[in-house]
S.K.: 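Here it is, the structure in full.
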Amino acid sequence: MHSKESNAASKTAVMQNIHGTMEFLRKHPPFNQMENAHLAYLVEHCQLRFYATGESIIKPADGAVQHFYIVKQGQVVGERPHSAKRGTETTFEITTGECFPLAALLGERATRTEHLAAEDTFCLLLAKDAFVRLFAQSAVFRDFALRGVSSLLDQVNQQVQLRAAESLGAQYSLDTSLRELAMQQPVGCSAETPLREAVKRMHEQHVGSIVIVDDQQRPLGIFTLRDLRRVVADGGELDQPISALMTQTPFHLPPGASAFDAALAMTERHIAHVCLVEHGRLVGVVSERDLFSLQRVDLVHLARTIRHAARVDSLTALRSDISLLVERMLAHGASSTQITQLITLLNDHTVCRVIELTLEEMGDPGVPFSWLCFGSEGRREQTLHTDQDNGILFEAHDASEAEAIRQRLLPLARRINQHLAACGFTLCPGNIMAGNPQLCLSRQEWARRFSTFVREATPENLLGSSIYFDLRVVWGAEQGCEQVRQQLFADVAGNSLFQRMLAANALQHRPPVGRFRDFVVARKGVEKDTLDLKTEGLTPFVDGARLLALAHGVRPRNTLQRFAELVARGVIEPLDGAAYEEAYHFIQQTRLQLHQQQALQGQPFSNRLDPDSLNHLDRRILRESFRQAQRLQASLTLRYQL
């Protein structure tokens, strides 16, 4: 009898232990999405093992990995010998609910890093044969094992869009394909069709445009209701052929392009219709109305309102509309890259309109000039929290002419800086603005300035000058700026000392992850318990991508485009490039959400985040994203022998 009671108690304890382990796993990805049967199989085949502080769990000398580990309590750190220093370096930290070493298990090899218990730690161990079986049976587990952090990031994006659908009452996305939007057959006609007949056809089909096509259904032009108003206002004849009035070679996209692609094109080109062309043939038309009946984000209308604003104070009032647009786009599940591109695009429109209004106010100086932007605007990576980084470029034959032109342009430049400040573009504390005589320069002066940066670079002046290397023209002719950039690439390519200094500069801002803590946060003052998402999180990626782009003649200015081109050229491994891109995306997304919360609460914009305000999944991915920045910096350290 005693034996039966003992066995029963033992079975009860086992069942409680299994139940407790399943409840623990259900709190952590990917286990929280696995089917019950698969999760039960995992738990039944796991064993719990204790590791004392400092004890080695697995190391390269152990040979091919034989177990899958899940941290149930405690913390594990990865250490490997440092090639440039004596001793070891910590390459990652693994905490409760996280697992390892997936890459080694899938590759049937030894781990490349020693895993140590950073404190007293309990791990669940799943033998390799059971891991293989679970991998084969559970699609969720297999996806996680193959893609690691990628699947976690997908989960975050799904949660964001799910919350948006709940709050907005409908599911729609900026990623919707144009094929899905263009439900109606395109309305077309031949080039010889009289205007009267074409307009009648538009009226009968209830459309705002008609596409002029040839016998092979290739688009030759487009005619819209806006064009009709112009014709009527000019007293045009209704019997003339539509080919005389159409807009030739209309802009087009493939049907597989996204709603975001069309919105971006409409905003950049000031158009209200996009043709869909497949294999050279017209297959559809998407209008501004089609686009925003789906998304309820009237981006094109906002851009048009900015470009036609009659006064600077009207532009000031529109800043709140841009903030509202960002809020809606975040709710719709737009990516950080899409949002920063559109913010930059709307900011470009605002800058252009401010320049035009200031020219009307002060008069044309009689000198052609180009308005330059640097830093995040130059890279098209702006958020709502931005200040001015701009300059002026003009043509001059010699130094005396350059000085004379500068004196004519500086009052205009300073007035533009003031108007931009009124529109929400904070005056630059470092005076990196066109109203500064040192940044209102002829093309030759700009070329000499950059050559001096490269030839006479010091660690101190590089800290303040690196943003100039992202320059771009916002208003005016682009040719002079491109000539300066070509000279810059030539200067950098042949100067290994400058590249090494730029690499050292790229290591100045360290990601906020420590050896034995989740995050390194400020310890005192108003910034206590916070970290800086921009300086400590994004800047390492921005600086690293800029350095490698300049060193290898990569032309794009945008950080993610630079990474993509560096991967294409074999400078960065594809897996590393994908990891850097994903980490950059997530940090930027977190930053945008932080700014949106601050805007809704009427707080001043700041890049400082309290990591304790994040949920478990977001904390985990943010920490992993910072570690990718560490990996990028470590690769630069080795590449440039720092």
S.K.: Compare all side-chain heavy atoms of Asn347 with those of Arg319 and state whether any distance is below 4.5 angstrom.
M.R.: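 Touching, per the 4.5 Å side-chain cut-off.
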
S.K.: Could you go through the side chain to side chain contact (heavy atoms under 4.5 Å, CB included) check for Thr340 and Gln382 one step at a time?
M.R.: CA-CA 5 Å; Thr340 52; Gln382 284 195 300; 5.9 Å; no

S.K.: Is the ring pair Phe453/Tyr468 parallel, tilted or perpendicular, if the boundaries are 30 and 60 degrees?
M.R.: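 Because their plane-to-plane angle is under 30°, the rings of Phe453 and Tyr468 count as parallel.
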
S.K.: Might you confirm whether atom CD of Gln479 has over 12 heavy atoms from other residues, nucleotides or ligands at distances under 6.0 Å?
M.R.: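 No, because the 6.0 Å sphere around CD of Gln479 holds 12 heavy atoms or fewer from other groups.
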
S.K.: If we only count heavy atoms from C-beta on, is the Tyr584 to Gln628 side-chain gap below 4.5 Å?
M.R.: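 Sidechains of Gln628 and Tyr584: no contact.
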
S.K.: Can you tell me which residue among Arg623, Arg619, Arg620 is in a side chain to side chain donor-acceptor pair (under 3.5 Å) with Thr95?
M.R.: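 Running side chain to side chain donor-acceptor pair (under 3.5 Å) over Arg623, Arg619, Arg620 with Thr95 returns exactly one hit, Arg623.
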
S.K.: So, are Glu482 and Arg557 salt-bridged, with charged N and O less than 4.0 Å apart?
M.R.: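 Counted as a salt bridge, because a side-chain N and a carboxylate O are separated by less than 4.0 Å.
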
S.K.: Check the orientation of Trp446 and Phe374. Use parallel for under 30°, tilted for 30 to 60°, and perpendicular for over 60°.
M.R.: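 Geometry flag for Phe374 against Trp446: tilted rings.
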
S.K.: Enumerate the ring-ring contact (aromatic ring centres under 6.0 Å, His included) contacts for residues 536-570, please, sequence neighbours excluded, ordered by first and then second residue.
M.R.: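 Found Phe563-Tyr580.
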
S.K.: Answer yes when Asp348 and Arg380 have at least one side-chain N-carboxylate O distance shorter than 4.0 Å, and no when they do not.
M.R.: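 Yes.
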
S.K.: Looking at every non-hydrogen atom in both residues, tell me the closest pair between Asn417 and Leu427 and how far apart they are.
M.R.: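 Heavy atoms only, the tightest pair is O-CD2, 3.7 Å.
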
S.K.: If you measure from the Lys or Arg side-chain nitrogens to the Asp or Glu carboxylate oxygens, is any gap between Glu356 and Arg307 under 4.0 Å?
M.R.: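 A salt bridge is present here (some side-chain N lies under 4.0 Å from a carboxylate O).
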
S.K.: Decide yes or no for Leu412 and Leu359: does some side-chain heavy atom of the first lie under 4.5 Å from some side-chain heavy atom of the second?
M.R.: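 The answer is yes; the side chains approach within 4.5 Å.
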
S.K.: For a 4.5 angstrom cut-off between non-hydrogen side-chain atoms, does Arg608 reach Leu594?
M.R.: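 No - every pair of side-chain heavy atoms lies 4.5 Å or more apart.
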
S.K.: Checking Ser635 against Leu632 for the side chain to side chain contact (heavy atoms under 4.5 Å, CB included) test, could you report, in this order, the C-alpha distance in whole Å, the side-chain angles of both residues, the deciding distance, and whether it holds?
M.R.: CA-CA 5 Å; Ser635 72; Leu632 174 59; 3.9 Å; yes

